[in-house]
Amino acid sequence: MAGSPTLLPESRLGATLRRDAWWVELLPAIILLGGFGLYATLRAFEGAFFEWGPYLSPFYSPLIDPQHHWWKFSPALLILAGPLGFRATCYYYRKAYYRAFFLDPPACAVGEPANRKYQGETKFPFIIQNLHRYFFYLALVFLAFLWYDVVLAYNFGGHFGIGVGTLVMTLNIIMLTLYTFSCHSLRHLAGGKLDCFSCATLGMPRHGAWRALTVLNERHMALAWTSLITVGFTDFYIRMVASGAIHDLRIM
Ligand code: FES
């Protein structure tokens, strides 16, 4: 057809007919995901400066055996698999890191490394991606603990109080909650899998829930990045206060 783009004769890494700077999209994912991965790994293994006063780092919640009675390593390592599994199997993050780190493919209509045979997510280790829905259930349990931590962050020695750390933790749990409830799996469970709401049990309430979740789901990418930043910053803030590098400002 006249005027339509012609296909490239071969597929090789980076081969494309695109004229825009498609590679710019990769940079935020490389910088943010790479930086967060490095920081979170170091913090998870550090095993120190994770609590101060009423504050507990989200990387260490729920806090298990902090006195090292039976677990000799960092308590964060006991719970890491939950939040890590949820983020790593997230549909949006999969797209981001497949492109940024595996170049598979680097972008839409851009060639991937030659001789790659596409197998979907049908073989180990990528078949694990299909467990995302179960990681979502686990994420709800983690959210409950994190909300509990935030309630405790308003309790200064038995008295109601608010510090900068309280506000940081509150903002973080709100962003984490919005991110979790914008999950594609939840939207599917609520109603995305239905062909006919009026024919289904509890069809109308499910339709309402599906519509509300769709509003969040449309913002899933933005919530994924925002919540990644807030959870990393919350841990960083508590580490700074706990190590004595900065003082927590008491507002009330
Ligand atoms: S799809 Fe991203 S958290 Fe479920």
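The chain is numbered in sequence order, starting from 1. Every heavy atom of this structure was used, including side-chain atoms; hydrogens, water molecules and symmetry mates were not. Each ligand, and each atom within it, is numbered from 1 in the order the structure gives.
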Going by chain and number, the hydrophobic cluster around Leu84 (ILVMFWY, side chain to side chain under 4.5 Å) further includes none

Drop me the distance from Arg43's CZ to Leu80's CG, to the nearest 0.5 angstrom. 12.5 Å

Kindly list each side-chain donor-acceptor pair under 3.5 angstrom involving residues 153-160, sequence neighbours excluded, with atom names and distances?
from	atom 1	to	atom 2	distance (Å)
Tyr154	OH	Thr170	OG1	2.8
Asn155	OD1	Gly158	N	2.7

Tell me whether Glu46 is salt-bridged to Arg239, with the criterion being a basic N under 4.0 Å from an acidic carboxylate O. yes

Atoms of type N, O or S from protein under 2.8 Å of atom 2 (Fe) of ligand 1, total 2

Which of these passes ring pair (Phe, Tyr, Trp, His ring centres under 6.0 Å) with Phe86: Tyr179, Tyr137, Phe135? Tyr179

Trp210: which residues meet the ring pair (Phe, Tyr, Trp, His ring centres under 6.0 Å) condition with it, sequence neighbours left out? Phe197, His207

